[in-house]
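Order of appearance sets the numbers: ligands from 1, and atoms from 1 within every ligand.
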Amino acid sequence: MRRVNPDERAKIAFWLNGRRVSGEAEPRMLLTDFLRHVLGATGTHVGCEHGICGSCTVLIDGVAQRGCLTLAAQAEERAVTTVESLAGADGALNALQTAFQKHHALQCGFCTPGILMSFTDYFARNPNASEADIRAVLGGHLCRCTGYAGIVEALVEASRSGNPAA
Ligand code: FES
Ligand code: FES
């Protein structure tokens with residue numbers, strides 16, 4: 001078996017928000033670091049780097065994943081979706097983002113991209129989620145600023161809009 005050199009860089013290519021991207025990475029580079037430092041896509045935040053806080057959440061082939069628990073190489077030839085994809089080309093916020101703005105669901109914004117991406121996935125599968133369902137999913141995210149009340153209000157309103165990910 002060939003031994004992997006941890007410093008050996010390899011080209012990685014995938015689809016980021018519908019656009020073909022590529023860059024070089026060591027085998028141990030995390031997807032979050034690849035997004036932020038190689039591709040310059042800094043919308044995805046990094047907090048604990050241990051899978052706890054949820055701030056790094058992105059979609060891989062439409063499914064919410066912790067970017068800090070995913071190697072960049074694992075995204076090879078897959079579709080990665082980040083918070084940069086949510087607003088329209090003209091900068092118009094989508095329904096989920098608009099609800100966050102309306103309910104003051106963010107302060108520093110550190111947790112926000114991860115929560116938005118988790119619920120983009122969740123609402124796509126559960127468009128009429130109850131508040132209890134929403135609170136259960138939100139349990140996978142830490143916010144140190146808001147006390148969560150505005151976040152829950154925003155998510156409930158977005159869910160009731162009928163098309164929260166639009
Ligand atoms: S940075 Fe990934 S879960 Fe905290
Ligand atoms: S708004 Fe600051 S961590 Fe959530």
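Taking backbone and side-chain atoms together, Cys143 has no N/O/S atom less than 2.8 Å away from atom 2 (Fe) of ligand 2. At a cut-off of 2.8 Å, Cys56 coordinates atom 2 (Fe) of ligand 1 through an N, O or S atom. Among the atoms of Cys68, no N, O or S atom falls under 2.8 Å of atom 4 (Fe) of ligand 1. Note on His50: not counted as a metal contact of atom 4 (Fe) of ligand 1, no N/O/S atom lying under 2.8 Å.
Remark: of the listed residues Leu31, Thr81, Leu16, Leu31 is the sole one forming a side chain to side chain contact (heavy atoms under 4.5 Å, CB included) with Val58.
When each atom of ligand 2 is checked for a heavy atom of Gly109 under 4.0 Å away, the hits are 1 (S), 2 (Fe).
In Arg66, the part holding a heavy atom less than 4.0 Å from any atom of ligand 1 is the side chain.
For atom 1 (S) of ligand 2, the closest heavy atom belonging to the protein is Gln107 N, 3.2 Å.
Taking a cutoff of 4.0 Å between a charged side-chain nitrogen and a carboxylate oxygen, Glu24 and Lys11 do not qualify as a salt bridge.
By the 6.0 Å contact criterion, CZ on Arg19 is open, its count of non-hydrogen atoms from other residues, nucleotides or ligands being 12 or less.
Within the model, atoms NE2 of His50 and SG of Cys56 stand 12.0 Å from one another, a figure rounded to the nearest 0.5 Å. With rounding to the nearest 0.5 angstrom, the CD atom of Glu77 is 11.0 Å from the CG atom of Asp61.
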